[in-house]
Student: 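Structure provided below as structure tokens; questions to follow.
Start at 1 and go down the list; that is how both ligands and their atoms are numbered. Just so it is clear, the structure is predicted and the values come from calculations on it, not from any experiment. Only heavy atoms go into these numbers, but all of them, side chains included; no hydrogens, no water, no symmetry mates.
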Amino acid sequence: MPIPPAGLRRIDQLLSACGYCSRREAKEWVKRGWVMVDGVVAKSAEDRVDAAKVVVEGEPLDHPDGLLVLFHKPVGTICTHEDEEGPTIYGLLPERWKDRNPPVSSVGRLDKDTSGVLVLTDDGALVQKWTAPRHHVPKVYEVGLDRDPSPDWIPLFASGTFKMLGETKPCAPAKLELVGPCAARLELTEGRFHQVKRMFGAVGAVVTTLHRSRFGPYELGDLAPGAWKLLPPEAVAT
Ligand code: URA
């Protein structure tokens, strides 16, 4: 049998990877004539094809080469795939993405009461890389507090010796700016559990609102809460 050219993928694999249907169901989709390749109705779900030439129900395939998405997480949504504890961020994305394989996941998580920048991708290696502590992706948080922030906290948070309650390992140096009454901006290179709330908690302040305004190179611009936009693959910060 001739070896198919590199880069070609089976139709059933493509449909299931992009969340249309299972590999088994793909047979039926092809049989019903719902899949076209290069303008011709596909014959077999096992055929290897160029994903860019596949049309399903009249539309090109939904991002067969992977997804990188910038999302504005609204307050009140949770960053899990299960919706037992309330509405999830995934409920605000296209329905078909829930069935993609590999799945679409957020790079790190934000608390339910936190809003702001989240990057989502189906590239597991990218998630690993951007969440690895050694990668030091800068993250900027706009923080509302129950009191005016103290200038004394600036050198404390920047010291590299500051510890949160219950932790033995000090926080990496963090940049604090005092931006107004009861308001601060904090730049972290780590992503420990509830880190912003716990850092301010350790100096006796309560975080009343929390918004992430930057993740690595990504900012929201005019993206409304709950909205998303595709990032070009070349935007991936390596
Ligand atoms: N730190 C927190 O405390 N919560 C977040 O959601 C993100 C960082």
Side-chain angles (χ1 to χ4, degrees), residues 69-93 104-121 126-150 153-154 156-160 162-180 182-220 223-228 237:
V69 172
L70 181 66
F71 178 65
H72 186 161
K73 179 193 177 295
V75 166
T77 52
I78 50 173
C79 296
T80 61
H81 285 92
E82 295 85 40
D83 57 7
E84 282 118 47
E85 286 164 41
T88 75
I89 54 168
Y90 300 103
L92 294 167
L93 299 171
V104 177
S105 301
S106 63
V107 179
R109 291 179 179 190
L110 293 174
D111 296 338
K112 187 172 183 179
D113 55 0
T114 302
S115 59
V117 182
L118 257 189
V119 172
L120 300 147
T121 181
L126 201 59
V127 174
Q128 289 265 311
K129 183 170 172 181
W130 279 354
T131 48
R134 69 186 147 71
H135 203 61
H136 304 304
V137 176
K139 292 160 275 257
V140 178
Y141 294 90
E142 312 300 327
V143 190
L145 296 164
D146 68 338
R147 67 199 63 196
D148 290 343
S150 161
W153 301 345
I154 298 173
L156 200 61
F157 285 0
S159 66
F162 176 77
K163 285 187 195 151
M164 295 186 286
L165 297 176
E167 295 262 351
T168 49
K169 190 174 171 233
C171 294
K175 192 170 143 202
L176 179 69
E177 276 176 72
L178 315 185
V179 295
C182 298
R185 179 172 299 125
L186 184 63
E187 180 172 333
L188 301 179
T189 55
E190 301 176 290
R192 297 201 218 170
F193 187 61
H194 296 324
Q195 183 161 355
V196 176
K197 292 173 187 165
R198 290 168 65 216
M199 284 179 74
F200 283 101
V203 292
V206 175
V207 170
T208 54
T209 58
L210 188 55
H211 175 83
R212 183 155 75 187
S213 53
R214 186 155 72 82
F215 177 89
Y218 305 120
E219 289 179 309
L220 291 169
L223 207 58
W228 57 271

Student: Would you mind checking which non-hydrogen protein atom is closest to atom 1 (N) of ligand 1, with the distance to 0.1 Å?
Tutor: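 That would be Val196 N, 3.1 Å.
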Student: Tell me which part of Thr114 gets within contact of ligand 1: side chain, backbone, both or neither, using heavy atoms under 4.0 Å.
Tutor: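 Within the 4.0 Å criterion, Thr114 contacts ligand 1 through side-chain atoms alone.
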Student: Checking side chain to side chain contact (heavy atoms under 4.5 Å, CB included) between Leu120 and each of Ile89, Val127, Val107, which is the one that passes?
Tutor: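 The side chain to side chain contact (heavy atoms under 4.5 Å, CB included) with Leu120 is passed solely by Ile89 among Ile89, Val127, Val107.
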Student: With distance as the sole test, does Lys112 use its side chain to make a donor-acceptor pair with the main-chain N or O of Glu85 at under 3.5 Å?
Tutor: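 Side chain of Lys112 to backbone of Glu85, a donor-acceptor pair under 3.5 Å: yes, one is there.
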Student: My understanding is that only one of Val117, Leu223, Leu118 makes a side chain to side chain contact (heavy atoms under 4.5 Å, CB included) with Phe71; could you say which?
Tutor: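 For Phe71, the side chain to side chain contact (heavy atoms under 4.5 Å, CB included) check succeeds only for Leu118.
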Student: Starting from atom 6 (O) of ligand 1, locate the nearest protein heavy atom and write down its residue, its atom name and how far away it is, to 0.1 Å.
Tutor: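 The protein heavy atom lying closest is Asp111 N, 2.8 Å.
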Student: For ligand 1, which atoms sit closer than 4.0 Å to a heavy atom of His194?
Tutor: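 Reading through ligand 1 atom by atom, the close ones are 1 (N), 2 (C), 3 (O).
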Student: Is Phe193 close enough to touch ligand 1? Criterion: a residue heavy atom under 4.0 Å from a ligand atom.
Tutor: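 It does not; every heavy atom stays at 4.0 Å or beyond.
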Student: Polar-atom distance check: Tyr141 versus ligand 1, any N or O pair below 3.5 Å?
Tutor: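 For ligand 1, there is no N or O atom that lies under 3.5 Å from one belonging to Tyr141.
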Student: So do Glu187 and Arg214 actually touch side chain to side chain, heavy atoms under 4.5 Å?
Tutor: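 The answer is yes; the side chains approach within 4.5 Å.
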Student: Which ligand 1 atoms are under 4.0 Å away from a heavy-atom of Gln195?
Tutor: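 Selected atoms, number and element: 1 (N), 2 (C), 3 (O).
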Student: Look at the rings of Tyr90 and His81 and say which category their plane angle falls in: under 30° parallel, 30 to 60° tilted, over 60° perpendicular.
Tutor: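 Geometry flag for His81 against Tyr90: parallel rings.
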Student: Are the side chains of Val143 and Met199 in touch, meaning some heavy atoms are under 4.5 Å apart?
Tutor: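 No; the side chains remain at least 4.5 Å from each other.
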Student: Give the contacting part of Val207 toward ligand 1: side chain, backbone, both or neither, where contact means a heavy-atom distance below 4.0 Å.
Tutor: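 It is neither; nothing of Val207 touches ligand 1.
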